[in-house]
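Here is the structure we will look at.
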Amino acid sequence: MVAPSLKLQDLIEEIRGAKTQAQEREVIQKECAHIRASFRDGDPVHRHRQLAKLLYVHMLGYPAHFGQMECLKLIASSRFTDKRVGYLGAMLLLDERHDAHLLITNSIKNDLSQGIQPVQGLALCTLSTMGSAEMCRDLAPEVEKLLLQPSPYVRKKAILTAVHMIRKVPELSSVFLPPCVHLLHERHHGILLGTITLITELCERSPAALRHFRKVVPQLVQILRTLVTTGYSTEHSISGVSDPFLQVQILRLLRILGRNHEESSETMNDLLAQVATNTDTSRNAGNAVLFETVLTIMDIRSAAGLRVLAVNILGRFLLNSDRNIRYVALTSLLRLVQSDHSAVQRHRPTVVDCLQETDASLSRRALELSLALVNSSNVRAMMQELQAFLESCPPDLRADCASGILLAAERFAPTKRWHIDTILHVLTTAGTHVRDDAVANLTQLIGGAQELHAYSVRRLYNALAEDISQQPLVQVAAWCIGEYGDLLLEGNCEEIEPLQVDEEEVLALLEKVLQSHMSLPATRGYALTALMKLSTRLQGDNNRIRQVVSIYKSCLDVELQQRAVEYDTLFRKYDHMRAAILEKMPLVERDGAQADEEAKESKAAAQLSEAVPAPTEPQASQLLDLLDLLDGASGDAQHPPPLDPSPGGALVYLLDLPCAPPPPAPIPDLKVFEREGVQLNLSFIRPPENPALLLITATATNSSEGDVTDFICQAAVPKSLQLQMQAPSGNTVPARGGLPITQLFRILNPNKAPVRLKLRLTYNHFHQSVQEIFEVNNLPVESWQ
Amino acid sequence: MQFMLLFSRQGKLRLQKWYVPLSDKEKKKITRELVQTVLARKPKMCSFLEWRDLKIVYKRYASLYFCCAIEDQDNELITLEIIHRYVELLDKYFGSVCELDIIFNFEKAYFILDEFLLGGEVQETSKKNVLKAIEQADLLQEPWMHSVLRE
């Protein structure tokens with residue numbers, strides 16, 4: 001005799017006794033082998049027990065497909081125990097993907113038409129769980145018959161099976177629609193519930209059905225009213241609320257029927273008000289009904305007063321100690337904030353309190369809602385709350401909070417200064433989380449607020465001095481210091497404490513940014529350009545700046561290298577243009593035209609390269625040719641290939657400014673002095689828009705072995721001319737071709753008189769002081785004609 | 001409802017009821033991911049979370065997590081009541097139910113669920129009726145004695 005097979009519970013015991021995964025596998029594999037053998041042998045008596053064991057191991061994740069056919073056999077058996085396990089097996093192991101599933105259709109049909117009630121129940125349950133479209137089509141007539149059976153036990157199941165069938169085969173709606181109205185008269189809660197679910201399904205699928213069922217709105221209202229008012233039956237109640245499952249389902253159907261339909265909405269108005277005010281809210285069951293009521297009120301054409309009531313219920317939910325209730329309240333209010341803004345505004349303080357929620361999903365919703373509630377009258381208070389939140393909020397909410405604050409600030413800023421302060425605060429608190437265009441926006445904003453330049457540059461300087469790690473902040477600060485460095489040093493600004501800053505400190509700070517490993521390449525670009533601009537804003541000599549620029553000429557970063565080379569060239573050959581080029585930027589057009597010369601982000605870059613106005617391009621490229629020409633002629637350091645007008649070429653944009661037009665044909669240089677390796681050269685530029693103006697750059701070079709120090713050049717011109725001399729770039733020319741000194745002379749010659757110069761040079765060379773006075777009469781005619 | 005899962009604090013599955021057709025592989029994947037997600041939640045967090053395009057409602061009773069996936073238009077709060085009602089039914093049936101009852105009598109747990117929900121919808125709101133139906137079905141189960149005698 002074959003050893004009796006393990007009972008289900010014994011197997012479970014054995015599996016749980018296994019100490020390791022491997023042991024468990026062993027036990028299961030052994031048992032499955034027995035089960036397989038048993039299936040092969042076709043033992044009908046223990047088949048149900050074998051399948052049950054198989055279903056257990058299936059739940060643990062082991063394969064059980066060889067049990068599928070056994071399900072069929074068990075379902076076909078006459079024993080209830082077999083059917084029970086067989087149908088369970090079918091629901092767990094068979095689904096519409098397996099061809100085998102169709103084989104149970106016949107058994108189901110038999111059980112539906114001839115089985116005792118519990119068996120009918122099993123069949124209906126299985127059909128509604130795994131019934132495929134084909135099965136549903138086949139078995140629809142049987143289910144339809146069962147809708148009319150007297151037993152509520154079977155009818156309620158048949159109704160819900162019909163719901164499943166319609167989901168699988170929408171055409172079956174026509175079969176199951178007719179009985180519905182009649183079924184609504186039933187008293188049995190299960191049947192009512194099923195019917196309402198069925199009607200809901202029908203209405204959601206077909207506008208015709210929707211219209212058809214509008215006529216039952218009064219009846220539904222009556223059913224719900226009865227439930228709510230005539231005390232409760234303990235059988236169906238939860239925490240003193242009459243059958244909340246049924247109430248919720250009715251409310252949902254009413255929502256669908258009342259949507260966009262005045263008449264229906266009106267019919268249910270009073271009832272909804274009644275439910276909203278009378279439902280017990282001490283436990284979750286009542287709140288579930290209340291919640292569904294609110295959803296319905298907000299979705300149909302309800303009276304204004306009712307809508308406000310609904311929003312207030314949500315507001316009360318926000319104060320509930322149960323965080324689940326707060327969650328649904330926040331989610332719903334978020335959906336309503338646009339359509340019922342003023343009603344939701346009333347609960348703003350509570351919403352703001354919810355920012356402190358420990359559960360991130362709640363605080364996130366509270367944040368979204370808070371941002372949606374900001375308007376021009378509450379912006380200051382709200383921003384304060386939100387900024388406080390930004391400082392302490394969890395990291396995954398930082399970015400959204402920061403960009404939300406910036407957006408709201410943009411829309412509702414009461415003053416420019418407040419706006420600047422707000423952005424500044426966001427950049428210092430959450431700099432790494434702001435969106436890419438924050439930098440451009442802030443520079444734009446500051447640029448446009450002339451009265452706030454001094455204030456801005458000071459605040460930014462202070463912020464930068466404290467922390468150079470937050471890149472967006474560093475970029476804006478560097479830009480600002482570059483643009484308004486003169487205001488920074490002036491010392492006077494009413495709105496902020498007086499600040500004594502000296503030039504060296506400013507330069508040191510920018511150099512620190514340049515050198516810091518925390519600075520992104522873009523940031524270093526900003527810093528370098530800022531340093532360059534300061535060469536015209538500061539009083540002292542530019543040696544330090546020139547040195548820094550010089551160092552970066554060999555920087556590995558190509559962008560930085562390019563800038564450094566261009567700036568260096570600016571010092572050396574175009575010094576007379578330097579001031580003009582580095583003048584304060586005019587306010588740029590907001591929408592993309594030339595947003596910010598430093599924009600490196602590809603998105604901004606794409607915008608900019610599209611938006612560069614066409615007329616300036618030829619100018620830029622002419623100048624580029626000029627540079628190429630001169631560089632080629634003087635054999636200068638490697639110049640990268642011709643720039644295309646992309647934002648990467650900062651020099652292009654600088655030169656795109658209207659104040660820097662391209663020069664006409666170059667006037668030849670003139671060497672006016674030479675002594676022991678020290679040379680003085682003059683180069684000339686005549687700007688086309690001002691023919692009376694002559695710009696001369698005097699360049700002192702030193703090819704000797706000794707340094708030239710304390711170099712001073714003075715000049716005089718005939719009375720008919722006016723001469724303006726700018727500060728020299730320095731007073732030292734190091735030996736052996738060290739960094740030359742350049743100095744710009746501006747000569748106004750409206751009468752086109754021949755230009756003559758008298759020059760006086762004094763300097764120290766080879767431990768001797770040198771003084772030279774001489775006249776220059778042989779200036780090229782192009783310089784004055 | 002799209003599906004209901006019961007699992008232990010160690011992530012062991014104790015019951016899985018699927019109301020939508022999915023392959024075994026997909027079911028395993030969903031189960032694994034969802035179990036991980038829910039187990040990672042801290043005790044003070046709310047019972048709802050958004051996962052893929054579904055709303056997940058879960059509640060822990062002793063050592064078992066009850067986890068339901070509902071659709072966007074479904075009411076989360078009433079789903080909590082559904083879960084609670086199911087636990088009450090189990091409790092009444094087994095008499096102070098614990099995880100071990102559900103492990104050793106998993107088929108019964110399914111049978112009880114199938115008298116409460118059908119096709120993902122609530123079919124019976126009376127506790128009494130559900131328990132009565134189970135009782136009657138249990139009576140129909142041929143007792144072991146008979147099957148042994150037939151051998």
Side-chain angles (χ1 to χ4, degrees), chain A residues 9 12 16 45-46 52 55-56 59-61 79-81 84-85 88 92 95-97 118 121 124-125 128-130 132 153 156-157 160-161 163-164 189-190 193-194 197 235-236 238 243-246 248-249 252 284-285 287-289 291-292 295 323-328 358-362, chain B residues 12-19 21-24 28 31 41-42 44-50 57 73-82 84-85 103-107 110-111 114-115 117-129 133 136-137 140-144 147-148 150-151:
Chain A
Q9 305 209 330
I12 297 177
R16 287 171 62 79
V45 176
H46 298 110
L55 292 178
Y56 182 79
M59 185 150 59
L60 292 178
R79 291 167 56 189
F80 185 74
T81 314
R84 226 183 179 189
V85 179
L88 179 62
L92 290 174
D95 65 45
E96 49 191 56
R97 288 148 204 277
L124 286 168
C125 179
S128 66
T129 306
M130 50 72 74
S132 65
Y153 177 78
K156 73 187 185 198
K157 291 180 192 269
L160 285 179
T161 308
V163 173
H164 173 83
H189 283 229
L193 184 54
T197 310
E235 194 184 334
H236 299 282
I238 302 181
D243 206 334
F245 301 113
L246 183 55
V248 164
Q249 205 64 22
R252 192 159 144 184
N284 183 63
N287 286 322
V289 172
F291 180 49
E292 195 74 33
L295 292 178
R323 78 177 65 82
N324 291 331
I325 308 259
R326 297 202 295 273
Y327 177 94
V328 299
T358 42
D359 183 340
S361 59
L362 266 79
Chain B
K12 282 216 121 88
L13 201 59
R14 299 301 180 205
L15 185 143
Q16 49 173 338
K17 189 76 188 179
W18 299 87
Y19 294 109
L22 291 164
S23 71
D24 247 5
K28 283 207 171 117
T31 306
R41 305 270 291 178
K42 304 196 198 62
K44 289 262 187 233
M45 296 175 92
C46 72
S47 294
F48 313 130
L49 62 106
E50 272 160 16
V57 179
Q73 62 270 37
D74 294 328
N75 182 330
E76 292 98 322
L77 299 178
I78 205 72
T79 309
L80 278 176
E81 292 301 323
I82 291 178
H84 192 72
R85 173 55 63 88
I103 294 170
F104 282 93
N105 300 280
F106 73 95
E107 350 78 274
Y110 276 105
F111 298 150
D114 287 342
E115 288 299 332
L117 304 179
L118 200 85
E121 309 287 341
V122 176
Q123 69 176 279
E124 180 58 68
T125 56
S126 156
K127 241 191 295 190
K128 192 175 80 178
N129 289 351
Q136 287 183 342
L140 286 175
Q141 284 216 186
E142 290 79 2
W144 285 112
S147 50
V148 166
R150 247 174 258 156
E151 266 176 302

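Nothing here was measured: the structure is a model prediction, and the numbers come from that model. Every chain is numbered from 1 and lettered A, B, ... according to where its sequence line falls, protein lines coming before strand lines.
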Looking at B:Glu107, B:Lys128, B:Lys44, which has the largest count of heavy-atom pairs under 4.5 Å with chain A? B:Lys44

Options B:Lys12, B:His84, B:Arg14, B:Arg41, ranked by heavy-atom pairs under 4.5 Å with chain A, top entry: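 So the answer, after comparing B:Lys12, B:His84, B:Arg14, B:Arg41, is B:Arg14.
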
Is there a side-chain contact between A:Phe245 and B:Ile82, using heavy atoms and a 4.5 Å cut-off? yes

What I'd like to find out is whether the side chain of B:Trp18 reaches to under 4.5 Å of the side chain of A:Thr129, using heavy atoms alone.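 No, too far: nothing below the 4.5 Å cut-off.
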
So which of [options] has the biggest tally of heavy-atom pairs under 4.5 Å with chain B?
options: A:Arg326, A:Gln9, A:Glu96, A:Gln249; value: A:Gln9
options: A:His189, A:His164, A:Lys157, A:Met130; value: A:Lys157
options: A:Ser128, A:Gly190, A:Gly61; value: A:Ser128
options: A:Ala285, A:Gly194, A:Gly121; value: A:Ala285

Test: A:Glu235 and B:Lys127 ion pair at under 4.0 Å: no

Short N-O contact, B:Asp74 and A:Arg252, less than 4.0 angstrom: yes

Does the side chain of [X] pick up a donor-acceptor pair with the side chain of [Y] at under 3.5 Å?
X: A:Tyr153; Y: B:Gln123; value: no
X: A:Asn324; Y: B:Glu76; value: no
X: B:Thr125; Y: A:His236; value: yes
X: A:Thr197; Y: B:Glu121; value: no

Please state whether the side chain, the backbone, both or neither of [X] comes within less than 4.5 Å of a heavy atom of chain B.
X: A:Ile238; value: side chain
X: A:Asn284; value: both
X: A:Thr161; value: both
X: A:Leu362; value: side chain
X: A:Arg16; value: side chain
X: A:Tyr327; value: side chain
X: A:Pro118; value: side chain

Below 4.5 Å from any heavy atom of chain A, which atoms of [X] appear? Answer side chain, backbone, both or neither.
X: B:Lys42; result: neither
X: B:Ile103; result: both
X: B:Thr79; result: neither

What's the verdict on side-chain contact (heavy atoms from CB on, under 4.5 Å) for B:Leu49 and A:Ser361, showing C-alpha distance, side-chain angles and the deciding distance? CA-CA 8 Å; B:Leu49 62 106; A:Ser361 59; over 6 Å; no

Exam field: side chain A:Asn287 to backbone B:Leu77, donor-acceptor pair closer than 3.5 Å: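 No, the answer is negative, given that no donor and acceptor are paired below the 3.5 Å cut-off.
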
Treating A:Asp359 as the side-chain partner and B:Cys46 as the backbone partner, does any N or O pair qualify as donor plus acceptor under 3.5 Å? yes

side-chain contact (heavy atoms from CB on, under 4.5 Å) between A:Leu55 and B:Tyr110: does it pass, once the steps are laid out? CA-CA 12 Å; A:Leu55 292 178; B:Tyr110 276 105; over 6 Å; no

For the [atom1] atom of [X] and the [atom2] atom of [Y], what is their distance to the nearest 0.5 Å?
X: B:Phe111; Y: A:Cys125; atom1: CZ; atom2: SG; value: 10.0 Å
X: A:Leu295; Y: B:Asn75; atom1: CG; atom2: CG; value: 7.0 Å
X: B:Phe106; Y: A:Leu92; atom1: CZ; atom2: CG; value: 8.0 Å

Before giving the answer on side-chain contact (heavy atoms from CB on, under 4.5 Å), spell out for B:Leu140 and A:Arg84 the whole-Å C-alpha distance, their side-chain angles and the decisive distance to 0.1 Å. CA-CA 10 Å; B:Leu140 286 175; A:Arg84 226 183 179 189; over 6 Å; no

